> 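I have a structure I would like to understand better, so I am pasting it below and will then ask my questions one at a time.
We use all heavy atoms of the structure for the numbers below, so side chains are in, but hydrogens, waters and symmetry mates are not. Please read these numbers as outputs of a predicted model, since none were measured by experiment. Residue numbers start at 1 and run along the sequence shown.
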Amino acid sequence: MRNPHSTSPTFFPEDILARKSVLNQSGSPEFVFRVFTNVPEFQALLCTLFLLLYLMILCGNTAIIWVVCTHSSLHTPMYFFLGSLSLLEICYTTDVVPLMLSNIFGAQKPISLASCGTQMFFFVTLGSTDCFLLAVMAYDRYVAICHPLHYSLIMTRNLCIQMVLGSLGLALFLSLQLTALIFTLPFCGHHREINHFLCDVPPVLRLACADIHVHQAVLYVVGILVLTVPFLLICISYVFIAATILHMRSAEGRQRAFSTCSSHLTVVLLQYGCCSLVYLRPRSSTSEDEDRQIALVYTFVTPLLNPLIYTLRNKDVKGALRNFIFNKAV
């Protein structure tokens with residue numbers, strides 16, 4: 001029996017349950033990533049595979065940076081951009097892979113709203129800078145092949161630094177706007193499962209319990225600015241490059257000019273092809289499982305192939321690495 005003179009409220013069981021429900025809804029939401037598999041043997045295999053790929057990415061791209069920094073013959077704009085690209089690849093995969101490896105084993109580990117937003121911000125920033133830098137590298141090849149006599153006058157050290165910093169600055173601006181817009185959305189419930197291995201934009205948007213048409217439109221606009229516009233600039237650069245190469249009289253000159261562009265073109269097709277499939281496809285034709293599989297390609301395969309492509313198809317880099325290995329052996 002309740003005391004009429006008591007000032008403290010009395011809660012019945014149904015009141016307590018309702019209060020807990022309200023607290024869960026009003027508290028900061030957490031996310032969990034969908035596991036790849038629940039089979040312990042497959043978990044160990046996947047963890048070993050992804051860890052080996054990550055270590056290979058770190059070693060390959062670090063070797064490129066070291067060679068470019070320590071060999072004076074490689075202190076040119078092309079190799080400055082190549083070293084910057086390798087540094088981006090290291091940061092890009094480091095933003096994703098350690099958290100991914102920690103979530104392969106055991107129960108799903110929750111990630112806070114702030115941590116998810118931080119990972120998304122750096123992921124979008126580094127990925128966008130990567131795309132902008134590939135366009136800058138295409139312009140560098142255009143000047144080198146179409147205007148060789150003015151190359152040293154145009155591609156100065158200051159201009160190269162400004163291009164890299166400009167790519168990073170534009171990527172930071174777009175990423176900050178996109179991430180802030182997405183995380184103003186309400187996310188229903190306390191624990192929400194992301195059908196992915198990272199806090200990427202499309203899977204997080206699917207968890208919002210509000211109208212996201214405006215946010216999807218903004219995502220398409222950012223995707224066009226980051227993917228379509230740089231790709232068109234790359235295509236325009238290579239139209240002029242191809243026309244110049246075809247007018248070269250020397251077969252050796254044509255072969256040398258083509259070899260300096262083929263590595264870059266291969267990386268461009270890998271990067272833009274995979275990213276376009278995820279970010280520029282209509283939402284009605286996308287599958288969450290397909291997006292996750294494609295994301296594995298540009299998270300592991302592209303950063304791993306970049307140093308291999310540039311090393312195997314570039315005589316200067318191969319020569320520098322060969323001299324280093326030979327000197328160490330002696």
Side-chain angles (χ1 to χ4, degrees), residues 30-66 85-113 115-124 126-127 130 191-207 266-267 269-279 281 285-312 321 325:
E30 293 179 330
F31 301 98
V32 292
F33 299 108
R34 180 167 296 182
V35 296
F36 284 96
T37 177
N38 289 313
V39 181
E41 291 79 7
F42 288 158
Q43 289 176 341
L45 180 62
L46 285 176
C47 188
T48 303
L49 175 62
F50 291 149
L51 179 60
L52 287 176
L53 290 174
Y54 178 55
L55 293 176
M56 291 171 66
I57 290 169
L58 293 182
C59 292
N61 285 285
T62 301
I64 294 291
I65 296 171
W66 180 87
L85 182 66
S86 293
L87 179 60
L88 274 176
E89 300 290 11
I90 291 174
C91 298
Y92 181 80
T93 53
T94 301
D95 179 53
V96 176
V97 178
L99 180 61
M100 173 186 176
L101 292 176
S102 69
N103 281 283
I104 289 181
F105 284 107
Q108 294 172 306
K109 302 177 183 64
I111 179 173
S112 67
L113 188 70
S115 298
C116 186
T118 301
Q119 186 188 48
M120 180 185 291
F121 171 74
F122 284 107
F123 178 77
V124 175
L126 295 169
D130 201 327
H191 289 280
R192 301 308 302 263
E193 185 181 65
I194 301 175
N195 188 11
H196 214 295
F197 54 85
L198 63 98
C199 287
D200 201 0
V201 179
V204 172
L205 268 180
R206 293 188 181 103
L207 300 181
T266 305
V267 173
L269 292 176
L270 278 172
Q271 179 77 12
Y272 283 90
C274 293
C275 292
S276 297
L277 287 176
V278 173
Y279 297 104
R281 283 190 305 174
S285 64
T286 61
S287 165
E288 295 183 22
D289 292 331
E290 288 179 2
D291 286 354
R292 187 161 71 158
Q293 293 165 7
I294 296 171
L296 285 173
V297 176
Y298 60 72
T299 300
F300 287 101
V301 179
T302 305
L304 178 63
L305 289 182
N306 283 357
L308 293 177
I309 291 171
Y310 280 109
T311 301
L312 296 176
L321 286 173
I325 295 172

> Quick check for you: to the nearest 0.5 Å, what is the distance between L126 atom CG and T93 atom OG1?
9.5 Å
> Quick test of your reading: applying side chain to side chain donor-acceptor pair (under 3.5 Å), list the pairs with at least one residue in residues 47-62, sequence neighbours left out, ordered by first then second residue.
Y54-T94, N61-S86
> When rounded to the nearest 0.5 angstrom, what is the spacing between CG in L205 and CG in D200?
9.5 Å
> Would you compute the distance between atom CD1 of I104 and atom CG of L49 and round it to the nearest 0.5 angstrom?
9.0 Å
> Would you check if T302 and D130 make a side-chain contact, meaning some heavy-atom pair closer than 4.5 Å?
no
> Could you tell me whether the side chain of Q119 and the main chain of D95 form a donor-acceptor pair under 3.5 Å?
yes
> Who passes ring pair (Phe, Tyr, Trp, His ring centres under 6.0 Å) against F50, sequence neighbours left out?
F36, F300
> Under the rule for side chain to side chain contact (heavy atoms under 4.5 Å, CB included), what residues qualify as partners of L305, not counting sequence neighbours?
L270, V301, L308, I309
> Suppose we screen for side chain to side chain contact (heavy atoms under 4.5 Å, CB included). Which residues come up paired with Y272, at least two apart in sequence or across chains?
C131, L134, L227, P230, F231, I234, V268
> Quick one: side chain to side chain contact (heavy atoms under 4.5 Å, CB included) partners of L45, sequence neighbours excluded?
none
> Taking side chain to side chain donor-acceptor pair (under 3.5 Å) as the test, write out the residues that go with E89, two or more places apart.
N306
> With sequence neighbours excluded, what pairs up with L207 under the side chain to side chain contact (heavy atoms under 4.5 Å, CB included) test?
F31, F187, R192, I194
> Could you tell me which residues satisfy side chain to side chain donor-acceptor pair (under 3.5 Å) with S115, sequence neighbours excluded, listed by chain and number?
S112
> Heavy atoms only: give me the nearest R292-H196 pair and the separation to one decimal.
CD-CA, 3.6 Å
> Can you list everything that forms a disulfide bond (SG atoms under 2.5 Å apart) with C116? Sequence neighbours excluded, please.
C199
> Contact between M100 and L296 at the side-chain level, heavy atoms closer than 4.5 Å - yes or no?
yes
> To the closest 0.5 Å, what do you measure between CG (L304) and OG1 (T299)?
12.5 Å
> Would you please name every residue forming a ring pair (Phe, Tyr, Trp, His ring centres under 6.0 Å) with Y92, sequence neighbours left out?
F123
> Are the side chains of I90 and L58 in touch, meaning some heavy atoms are under 4.5 Å apart?
yes
